[in-house]
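First up is the structure itself, then whatever we jot down about it.
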Amino acid sequence: MGMDSSDSSRGREPFFADSPLGNEEWKALRGRLKAAVTRACPHWLVEQIEDIVQVVLVQLLETLRKSEGKREFSSMYLAKAAHGATVDEIRRRSRRRETTEGDVRVTEPAVRDGPNPERDSAARELGHGIQDCLARMVYPRRLAVILHLHGCTVPETARRFHWTAKKAENLVYRGLKDLRRCLAAKGFAP
Amino acid sequence: MTTDSDADQRLRFAIASLDEIRGTGTDCPAAGRIWESATGGLPPLDDRAVVSHVGECGSCSAAWRIARELARDEAPAASVAPSKGVTWRNWVPMAAAASLVVAVVSVGVLWLREPADGPPVYRTQQGDLLEAVPPVSGALSRDSCVLRWTAGPEGTAYGLLVMDTNLRPLARAMWLQRPEYTVTPEDLASVPAGGSIQWRVTAHLPDGRRVVSRTFTTRLE
């Protein structure tokens with residue numbers, strides 16, 4: 001057996017050799033974490049999954065050492081840790097993409113390897129149009145529309161901001177109307 | 001009226017296609033704060049500030065969506081609105097009814113599931129849409145290792161991650177147009193005869209949503 005209990009550190013990365021966890025526990029934690037990172041990663045970050053897992057493992061190991069190995073990690077804790085590391089990587093990547101050439105900022109598109117570059121390019125153009133229109137919108141309508149576009153239901157929106165359901169519904173309705181009018185003025189077909 | 005329409009789906013897809021950071025990124029909320037907002041854990045005033053930023057920053061918008069998906073997978077009940085007016089008087093019959101439903105559904109699920117000696121299938125996430133096709137039962141030849149799964153709506157693109165039983169990646173594929181993929185014998189070289197591979201599919205739906213399958217296990221000859 002390559003990784004047996006007689007030497008629990010064998011087969012691990014050197015940094016993790018003195019982990020307070022046994023080998024099986026370690027493998028199980030790594031597996032759970034990897035599953036969480038895999039779910040968190042957008043498709044364009046798939047290549048970075050191993051790196052992200054490694055970053056989170058280092059963080060978890062620090063936590064374990066501080067607790068002398070007594071700490072247990074819930075699935076939600078791992079999901080949150082995976083989220084944090086993935087967001088860091090998204091931001092790093094986004095900053096890397098943006099390069100300054102004199103006064104001209106060149107931004108590579110987010111999706112370069114999609115199956116339909118034309119559609120993706122049109123979607124990004126529309127996405128920027130939406131951001132611009134949202135910035136001009138009355139504040140409460142803007143909040144309601146942002147949440148709507150991110151998949152929140154009217155009851156959820158109402159609950160978040162302590163609005164009545166009727167008020168939230170009106171704000172989404174009027175906000176979407178504003179948005180469509182603004183996009184039409186920018187030349188985007190409804 | 002605020003029901004979803006095709007136009008709304010198009011707007012969502014457009015928003016989801018952005019990941020550029022706003023400005024220098026110095027005013028982006030910390031990842032933990034985005035998580036709290038996405039999972040409904042911030043006070044309204046703080047939540048407004050984060051949501052407002054999410055509307056103008058593609059990078060934080062992606063972070064917000066990811067947090068929401070992850071949290072929903074981990075605690076499906078958390079996204080359900082707390083029902084008001086439930087007291088011990090109506091709780092007892094409700095619990096009894098719920099138990100009955102659970103029992104009936106469990107029997108149905110057990111009846112429909114593969115035999116107990118079939119390959120293990122790990123915890124379901126939100127990817128019930130994606131199932132291995134045909135149900136993974138026999139061993140696949142490594143010279144013709146074609147993984148197939150159920151198709152999503154038209155226009156869905158698929159990502160695939162194939163791993164060994166230690167979760168080491170063996171093969172990855174992105175933007176597959178068809179719900180199938182052939183793993184090459186070279187990719188399977190490290191898997192011993194009679195060994196297994198694990199694989200999961202990510203479907204990128206036309207409306208911009210992402211669905212991840214559970215992990216399937218397939219035995220090799």
Side-chain angles (χ1 to χ4, degrees), chain A residues 27 30-31 34-36 38-40 42-43 46 49-50 75-76 79-80 82-84 86-88 90-91 94-95 97-98 107 110-111 113-115 120 123-124 126-128 130-131 134-135 139 142-143 145-151 154-156 159-162 169 172-173 176 179-180 190, chain B residues 1-2 7-8 10-21 24-25 28 31-32 34-35 40 44 47-48 51-52 54-56 58-71 73-75 79 81 122 125 157 159 161 166-167 169 172 174-175 177 200 202 204 209-210 212 215:
Chain A
K27 272 167 70 177
R30 195 178 211 292
K34 187 156 182 180
T38 304
R39 279 188 295 131
H43 63 86
V46 160
I49 285 178
E50 284 297 334
S75 296
M76 189 61 94
K80 195 174 174 182
H83 175 258
T86 305
V87 170
D88 287 345
I90 289 173
R91 288 176 176 170
S94 187
R95 286 196 191 96
R97 262 208 321 270
E98 292 187 352
T107 303
V111 181
D113 47 359
D120 294 336
R124 279 193 299 278
L126 176 59
H128 288 129
I130 294 169
Q131 283 184 332
L134 285 171
Y139 190 60
R142 170 150 55 107
L143 295 175
V145 172
I146 291 169
L147 289 179
H148 177 74
L149 294 181
H150 284 77
V154 165
E156 185 186 347
R159 214 166 44 243
R160 278 174 173 273
F161 299 143
H162 295 180
E169 187 173 26
V172 174
Y173 177 75
L176 283 174
L179 177 60
R180 292 195 181 109
Chain B
M1 197 174 77
T2 57
D8 289 356
R10 184 169 155 253
L11 298 178
R12 287 204 175 107
F13 182 76
I15 283 283
S17 70
L18 302 177
D19 78 334
E20 293 99 335
I21 209 159
T24 57
C28 289
I34 290 181
W35 174 277
D47 198 22
R48 286 179 191 213
V51 170
S52 180
V54 162
E56 54 197 19
S59 171
C60 291
S61 168
W64 204 92
R65 275 194 311 275
I66 291 169
R68 199 168 153 81
E69 281 181 31
L70 277 172
D73 288 350
E74 293 304 331
S79 61
Y122 298 114
Q125 289 151 11
L161 180 62
N166 289 320
L167 297 176
R172 287 192 181 99
M174 292 197 294
W175 294 111
Q177 300 298 290
R200 66 194 310 160
T202 303
H204 302 277
R209 280 184 302 134
R210 201 169 58 98
V212 184
T215 302

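Quantities reported herein were computed from a predicted structural model and do not represent experimental measurements. Reckoned from all heavy atoms, side chains included, excluding hydrogens, waters and symmetry mates. Protein chains get the first letters and strands the later ones, always in sequence-line order, with residue 1 at the start of each.
Per-residue counts of heavy-atom pairs under 4.5 Å with chain B were compared for A:Val87, A:Leu179, A:Leu143, A:Leu147; the largest is that of A:Leu143. The choice from A:Ala135, A:Gly84, A:Ala79 that makes the most heavy-atom pairs within less than 4.5 Å of chain B is A:Ala79.
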(Q) As a quick check of understanding, evaluate side-chain contact (heavy atoms from CB on, under 4.5 Å) for B:Val51 and A:Arg142, giving each step before the final call. (A) CA-CA 9 Å; B:Val51 170; A:Arg142 170 150 55 107; over 6 Å; no

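Between B:Ile34 and A:His83 there is a side-chain heavy-atom pair separated by less than 4.5 Å. The closest side-chain heavy-atom distance from A:His150 to B:Arg65 is below 4.5 Å. With contacts defined as side-chain heavy-atom distances shorter than 4.5 Å, the pair A:Ile90/B:Ile66 qualifies. No side-chain heavy atom of B:Glu56 sits less than 4.5 Å from a side-chain heavy atom of A:Leu134.
Under the 3.5 Å distance criterion, the side-chain polar atoms of A:Arg160 are left unmatched by any main-chain donor or acceptor of B:Arg48.
When all heavy atoms of B:Ser52 and A:Tyr139 are compared, the pair lying nearest together is OG-CE1, 3.8 Å. When all heavy atoms of A:Ala123 and B:Ala14 are compared, the closest pair comes out as O-CB, 3.4 Å. Nearest heavy atom pair, residue A:Ala40 against residue B:Leu70, reads CB-CD1, 3.6 Å.
Rounding to the nearest 0.5 Å places CG of B:Asp47 at 9.5 Å from NE2 of A:His162. Annotation: the span from B:Ile15 atom CD1 to A:His128 atom NE2 amounts to 9.5 Å, rounded to 0.5 Å. Here OG of B:Ser17 is found 7.5 Å from CG of A:Leu126. Values are rounded to the nearest 0.5 Å. Between B:Asp8 atom CG and A:Leu176 atom CG the span is 5.5 Å, to the nearest 0.5 Å.
Annotation: salt bridge (Lys or Arg N to Asp or Glu O under 4.0 Å) contacts of A:Arg91 (sequence neighbours excluded): none. The side chain to side chain donor-acceptor pair (under 3.5 Å) test applied to A:Thr86 returns no partner, not counting sequence neighbours.
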